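Notes to accompany the following structure.
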2 protein chains.
Amino acid sequence: MRRMTARPANAHQARLLKLLRDGGPNSRAQLGDQVDLSRSKLAVEVDRLLETGLVVADGLAASRGGRRSHNVRLNPSLRFLGVDIGATSVDVAVTNAELEILGHLNQPMDVREGPVAVFEQVLDMAGKLKATGLAEGFDGSGIGVPGPVRFPEGVPVAPPIMPGWDGFPVREALSQELGCPVMVDNDVNLMAMGEQHAGVARTVADFLCVKIGTGIGCGIVAGGTVHRGTTGSAGDIGHIQAVPDGRPCACGNRGCLEAHFSGAALARDAVQAAQQGLSAELAARLAVNGTLTAVDVAAAAAAGDATALDLIREGGTRVGQVIAGLVSFFNPGLVVIGGGVTGLGHTLLAAIRTQVYRQSLPLATGNLPIVLGELGQTAGVIGAARLISDHLFSPA
Amino acid sequence: MRRMTARPANAHQARLLKLLRDGGPNSRAQLGDQVDLSRSKLAVEVDRLLETGLVVADGLAASRGGRRSHNVRLNPSLRFLGVDIGATSVDVAVTNAELEILGHLNQPMDVREGPVAVFEQVLDMAGKLKATGLAEGFDGSGIGVPGPVRFPEGVPVAPPIMPGWDGFPVREALSQELGCPVMVDNDVNLMAMGEQHAGVARTVADFLCVKIGTGIGCGIVAGGTVHRGTTGSAGDIGHIQAVPDGRPCACGNRGCLEAHFSGAALARDAVQAAQQGLSAELAARLAVNGTLTAVDVAAAAAAGDATALDLIREGGTRVGQVIAGLVSFFNPGLVVIGGGVTGLGHTLLAAIRTQVYRQSLPLATGNLPIVLGELGQTAGVIGAARLISDHLFSPA
DNA sequence: CGAACTTTCTCCACTCGCAGGACAAAGGGC
DNA sequence: GCCCTTTGTCCTGCGAGTGGAGAAAGTTCG
């Protein structure tokens, strides 16, 4: 099947497409309630969208007590590919134009293998999803990578944990391979966009989205749009100093937040605690698996292990200290915590909250929810689909 | 004379007014080069602006080698009043519509005397400026106050250093007194807008403007517009923890940046150093004045006093630590240092730079200028004029 | 069950914003 | 002084957009 290539011809059409994406099928009258256009003009633009094939008729609408109206919706055969490349695994998902996930695959993988190997795997996973009949091709794709991105060009820059990716033309290469438009962004920004589209941040204009996984990053949304910074490295909070003269960090400094708390740091600490005989629970798990991860710590904590709980609390306090500073600075309306360590759950959240509420100014924290992300592993791929749909649903 | 009350009727007129404000007198042809409008349409809008009186004819333009063209400019009798209320002094200035300062007064004053006393003084100063013949009245006024502001309403909220100001309807009250539209904002945001309009930040979309005076604040500009946060307290970095378990702060916490370095903290430290006999230079100044301020420390440092230099360096290091974190987080394209302590000059700047370049990631600091503000004391009042002109030069 | 009211959709006439060409006015350069 | 360039003005025509008049197809209530 040939893919859609049409784009909205003007701002009105773009607006309508986004309303249909976010609100599902709608009658012309319902659309008219949401835009400031006369009925006649609205009808003209909807007709044009129908002609392009981006939008299709969709039966009768629920009656509001008058002449029956016909719904329109985004073409249900449109398909977006959301790709979320993490440090140690890849998520690939297929969505429809309303950004609902139709199929989702996750595979472990080491981003350090470099872009060629990683994208081979991504294309393979995309192929598997296609083979299930979910899609015959893709109309667009969003890609998240775990490092800074020069956004306009879609090229990673100087990614510390991704040697070999610096300057790799991700956008161009994948656009060619997939045969569709591609947009590339930092994985944390995509998580923020995911929570903004379908998660806890749906109604908030200014919020922070802290992702704690192998490393730590922070998505910044100001006035409803992602702030990427001058060189695309905004939100890179893993190397903010959390502990003066603290642990040495891979970046060459000491006391970086990431060195004191992250999926990787937590695992190291747990192994050490087990070896020192501080925790029978952790030691037992170490003996079985040969190594420990954040998941083990979460399980030990759930079983009431004091050492595991302490590790989580201390980590949460460190993160909380840094977040407290960011909250004072940025004055967000919401802080979302996400990433691999959300399995640590309420213990972590409580430690973070305590620290933020203690250290930030009352005016900034007075009505500030600090919550876990709602979408879990799917936040990234939904954000990726959102990224490319925002692009395609804008006038060319 | 009756004041102008006209506002641009549409976005084109708003655009033209801002071009004339920022670029001075222009011919229709020059304006045409800067906007995407046909000559005919441009002429129509310019004619309408001439009718409103906001814009007037201004003689012949410099020839570009063809039919001679007539300049238009903003009405030279338009007057804005810029007011910058600091913790210990007030600046009041009169500008024309091009935001050039025509007259400027500064007076010491204690903001804790409350809004009624302060505004009495402001109105008195405005009256003095009028009496010189610079203005017969004001077409608009911008007001900066040293604390968070609920921006849409123009009302200070919970200002720690301004008891008695909480909830005072600054915008409404002054609008009535002055008989013109008024906008209110945090003083630090206005300083940022000042440097953006006429100072070092003219071409930068994302930058931070750190104001170190009695307290410490930070203006945040993202994508060319000021970020004020959910409750208007964004940029309030004075109470970010700079030193774990450090000095007690008035806010109840320990180790706040402001407790370790600010105009007030520096003065305290200098007095203490003088009393402890660490610095003959400072002791002499203390004996003469009975007290010390940042100005004394600056003078002592300029005279080569080692203790004064140490105080500045240590303070700069503290501020630098915090800024380093903010730079990693926000990834600005420029950091501007301003406020009362800019007199400390290069010593301070060097300490800040050292710390930021050491602690932030190379990608964020690679091409990051850290400079002193260019406008000094006038930044605030220019920013204030800019604030109200942005408002008045937008469609009603 | 029918009359009256609502809601939705379509068609049409009219206004207005705006572009772009034709033309006039007024220079500069050789 | 002739030709080219730049600027300003006028005019025509197109397309966007509004709002009213019906028509179609419901709901509600007596």
Side-chain angles (χ1 to χ4, degrees), chain A residues 6-20 23-52 54-74 393-396, chain B residues 6-20 23-52 54-74 393-396:
Chain A
R7 292 277 288 276
N10 58 42
H12 296 311
Q13 292 185 14
R15 181 82 205 285
L16 292 171
L17 289 174
K18 285 174 186 170
L19 284 173
L20 290 172
N26 262 282
S27 67
R28 282 151 216 256
Q30 278 174 307
L31 289 172
D33 294 343
Q34 300 172 74
V35 297
D36 197 26
L37 281 178
S38 64
R39 284 187 313 267
S40 18
K41 177 60 178 167
L42 181 80
V44 168
E45 296 298 351
V46 171
D47 286 346
R48 288 184 190 162
L49 284 174
L50 286 167
E51 277 171 36
T52 67
L54 283 171
V55 161
V56 299
D58 187 49
L60 295 180
S63 170
R64 291 200 283 183
R67 169 172 171 176
R68 92 172 98 188
S69 65
H70 294 258
N71 269 347
V72 292
R73 60 174 299 183
L74 291 174
F393 291 169
S394 296
Chain B
R7 293 277 288 274
N10 58 42
H12 295 310
Q13 293 185 13
R15 181 81 206 285
L16 292 172
L17 289 174
K18 285 175 187 170
L19 284 173
L20 290 172
N26 262 281
S27 68
R28 283 149 216 255
Q30 279 174 307
L31 289 172
D33 294 343
Q34 301 172 74
V35 297
D36 196 26
L37 283 177
S38 64
R39 277 182 316 206
S40 27
K41 176 61 179 166
L42 182 80
V44 168
E45 296 298 351
V46 170
D47 286 346
R48 289 185 190 161
L49 284 174
L50 286 167
E51 277 171 35
T52 67
L54 284 170
V55 161
V56 299
D58 187 50
L60 295 179
S63 171
R64 292 199 282 184
R67 169 172 172 176
R68 92 172 99 188
S69 66
H70 294 259
N71 270 345
V72 292
R73 60 174 300 184
L74 290 174
F393 291 169
S394 297

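Chain naming here is simple, since letters A, B, ... match the order of the sequence lines and numbering starts at 1 in each. Predicted model, so just to flag it, every value in this text is computed and none were measured.
Between A:Leu42 and A:Leu16, some side-chain heavy-atom pair lies under the 4.5 Å cut-off. Taking 4.5 Å as the limit, every side-chain heavy atom of B:Val72 sits out of range of all side-chain heavy atoms of B:Leu49.
The backbone N or O of A:Asn26 sits nowhere less than 3.5 Å from a side-chain atom of A:Gln30 that would complete a donor-acceptor pair.
The distance from atom CG of B:Asn10 to atom P of C:dC16 is 15 Å, rounded to the nearest whole Å. What separates CD of B:Glu45 from P of C:dG17 is a distance of 8 Å, to the nearest Å. Rounded to whole Å, atom P of D:dT6 lies 18 Å from atom CG of B:Leu31. Across the protein-nucleic acid pair, B:Leu60 atom CG and D:dT6 atom P stand 18 Å apart, rounded to whole Å. Distance A:His70 NE2 to D:dA24 P: 13 Å, rounded to the nearest Å. Atom-to-atom, CG of A:Leu37 to P of D:dA16 comes out at 13 Å; the value is rounded to the nearest Å. Between the CZ atom of B:Arg39 and the C1' atom of D:dT9 there is a distance of 9 Å, rounded to whole Å. If you measure from atom CG of A:Asp33 to atom P of C:dC9, you get 10 Å, rounded to the nearest angstrom.
B:Asp47 comes within contact range of no nucleotide atom at all, as no heavy-atom separation falls under 4.0 Å. The residue A:Lys41 sits close to a base: some heavy atom pair falls under 4.0 Å.
With hydrogens and angles ignored, a donor-acceptor pair closer than 3.5 Å exists between the side chain of B:Ser40 and the base of C:dG20. A donor N or O paired with an acceptor N or O is not found under 3.5 Å between the base of D:dT6 and the side-chain atoms of B:Arg67.
Ion pairing between a basic and an acidic side chain is recognised when a charged N comes within 4.0 Å of a carboxylate O; B:Arg48 and B:Glu51 show no such pairing. Looking at A:Arg28 and A:Asp47, a side-chain N of the basic residue comes within less than 4.0 Å of a carboxylate O on the acidic one, giving a salt bridge.
Minimum atom distance to the side chain of A:Ser38 is reached by D:dG19, of the listed C:dG17, D:dT7, D:dG19.
Remark: B:Arg68 is in phosphate contact with C:dG27, judged by side-chain N or O atoms under 4.0 Å from OP1 or OP2. Checking the phosphate oxygens (OP1, OP2) of C:dT8, no side-chain nitrogen or oxygen of A:Ser69 falls inside 4.0 Å. Checking the phosphate oxygens (OP1, OP2) of C:dG17, no side-chain nitrogen or oxygen of B:His12 falls inside 4.0 Å. In this structure, B:Arg28 reaches the D:dT9 phosphate: one of its side-chain N or O atoms is under 4.0 Å from OP1 or OP2.
Smallest separation of non-hydrogen atoms from A:Gln34 and A:Arg15: O-NH2, 3.4 Å.
In this structure, the separation between NZ on B:Lys41 and CG on B:Asp36 is 13.0 Å, given to the nearest 0.5 Å.
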Writing each nucleotide of DNA chain D 5' to 3' as (, ), [, ], | or . by Watson-Crick or G-U pairing under 3.5 Å yields ||||||||||||||||||||||||||||||
